[in-house]
Amino acid sequence: MHYEPTQAFALAMDEADELSRFRQRFYFPRHEGKDVLYFCGNSLGLQPEGVMAALTREVQHWREHGVEGHFRGEMPWMDYHKFLLPQTAHIAGAQEQEVVVMNTLTTNLHLMMVSFYRPNRDRFKIIMEAGAFPSDQYAVESQVRWHGFAPEEAIVEVTPRPGEDTLRTEDILAAIATHGPQTALVMFGGVNYYTGQWYDMAAITEAGHRAGAMVGFDLAHAAGNVPLQLHDWNADFAVWCSYKYLNSGPGGPSGVFVHERHGANPQLLRFAGWWGHDEARRFLMEKGFHPMTGAAGWQLSNAQIFSFAAHKVSLDIFAEATMPALRAKSISLTGYLEYLIQQLHAEGNQFKIITPAEPAERGCQLSILTGPHGRELFNYLSHNGVICDWREPNVIRLAPTPLYNSYRDVYELSVLLRKSPNFVP
Ligand SMILES: *Cc1c(COP(=O)(O)O)cnc(C)c1O
């Protein structure tokens, strides 16, 4: 891709960008009278236009109809989760019956492990990436203990080679092959929150299955960021949250994928609730759980209408923009940030990008390993109206999201970085 380190180039790219119109549909926080440079969509996505109206509509619906709101109007609450399915299937690369929106992420990770981590004396290990998000580590550790195994023996973490920051696919596959006969579950992130590395999910799934294990993914940093093909990749399950790239607001609901081969099996063990019960019989209030076909059969409770309403506004925007178009811009926009940072690096400063350089191995986030003054650099950026985030010990994460970030944002960030006190020419 051809790039130039000039404002004129950035503006011309924005001009030619067919997705640039989506930017106006998001609310940017302000700093000293102007919009911030927001690079934190990997942590909490910005609020899309229409959220307030969607929430007001449901509050009004409740006020006017009380319990009848479940059955009335264009989007009766009774069926509310179904209004999210086509867009969710698009994000996940799945059939509609393979996805559902419910609960929150870590809760769903536990629910999925209840069904898909069924260890026995011979097969009890879980293979995951070292440095996974802490919630995933705690979830896995507690599941292992719950089944009576010791985390030190049951959890296998794949680590980067000495001197390297990210994992090699061959090392992941080798770990799966080595521990295969004892492995019950391979549970990987899609995109690692710290390094921004996007793992080869198809290869991991295939290797896990060849070893006779189940394979699941936590897609918190992948959903809405990279194009997913969960059905074709043949994953057994996946979970994600909606408040990061999916812009559905703090504590937003979680998405779940269960491959159709499992969704079609009513015998599969699970923790059940009435909303997963055959909907034709849900109100017969009878004994005996009969799960619905598909991921819907894992629902516990009736829909969280207010958070689903906000989620739907954002999902509709993704359906309109489409993941292929977003991905194309994402590769180009993140490539531009990379190019500008490399220019600064060539001029003698101390930024090192630890995110893989290959677009197929990353989404939009770049993780920058900073020099000894990283924390000061981060504070300098904050004082100058940049919202990004700092992860101990010395990484600044920058996520130019294709939905609402511009080439100009990226260019302006590079201007600030060049002027930063830690820049050593
Ligand atoms: C953000 C994130 C979480 C957060 O979990 P919640 O249950 O939504 O609080 C968990 N796992 C990963 C990998 C994450 O990136």
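Small disclaimer: the values here were computed from a predicted structure and weren't measured. All ligand and atom numbering here is 1-based and tracks the order in the structure.
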Any N or O of Lys244 that comes nearer than 3.5 Å to an N or O of ligand 1?
-> yes
heavy-atom search around atom 7 (O) of ligand 1 in the protein gives Thr106 OG1, 2.6 Å
Here the atoms of ligand 1 under 4.0 Å from any heavy atom belonging to His221 are 15 (O)
Which of the atoms of ligand 1 are close to Asp136, meaning less than 4.0 Å from one of its heavy atoms?
-> 10 (C), 11 (N), 12 (C), 13 (C)
Assign the ring pair Tyr245 / His221 to parallel, tilted or perpendicular, where the plane angle (0 to 90°) is split at 30° and 60°.
-> perpendicular
Are Asp218 and ligand 1 in contact, using a heavy-atom cut-off of under 4.0 Å?
-> yes
Could you note down all residue pairs passing salt bridge (Lys or Arg N to Asp or Glu O under 4.0 Å) where residues 301-310 supplies at least one of them, sequence neighbours left out?
-> none
Side-chain donor/acceptor pairs under 3.5 Å, residues 121-130, sequence neighbours excluded:
from: Arg123; atom 1: NH1; to: Gly180; atom 2: O; distance (Å): 3.0
from: Arg123; atom 1: NH1; to: Thr183; atom 2: O; distance (Å): 2.7
from: Arg123; atom 1: NH1; to: Ala211; atom 2: O; distance (Å): 3.0
from: Arg123; atom 1: NH2; to: Ala211; atom 2: O; distance (Å): 2.9
from: Lys125; atom 1: NZ; to: His179; atom 2: ND1; distance (Å): 3.0
from: Lys125; atom 1: NZ; to: Gln182; atom 2: OE1; distance (Å): 2.8
from: Glu129; atom 1: OE1; to: Gly189; atom 2: N; distance (Å): 3.0
from: Glu129; atom 1: OE2; to: Asn192; atom 2: ND2; distance (Å): 3.4

Taking atom types as modelled and ignoring hydrogens, do the side chains of Glu206 and Trp233 form a donor-acceptor contact shorter than 3.5 angstrom?
-> no
Which heavy atom in Phe271 sits nearest to a heavy atom in Leu300, and how many Å separate them?
-> O-CD2, 3.3 Å
For atom 3 (C) of ligand 1, which protein heavy atom lies nearest, and how many Å away is it?
-> Phe133 CE2, 3.3 Å
For Ala220, the atoms of ligand 1 under 4.0 Å from one of its heavy atoms are 2 (C), 12 (C), 13 (C), 14 (C), 15 (O)
Quick one: pull up CZ in Arg168 and CG in Asp200 and give me the separation to the nearest 0.5 Å.
-> 15.0 Å
Ligand-side contact atoms (ligand 1) for residue partner Tyr243, heavy atom cut-off under 4.0 Å = 1 (C), 4 (C), 5 (O), 6 (P), 8 (O), 9 (O)
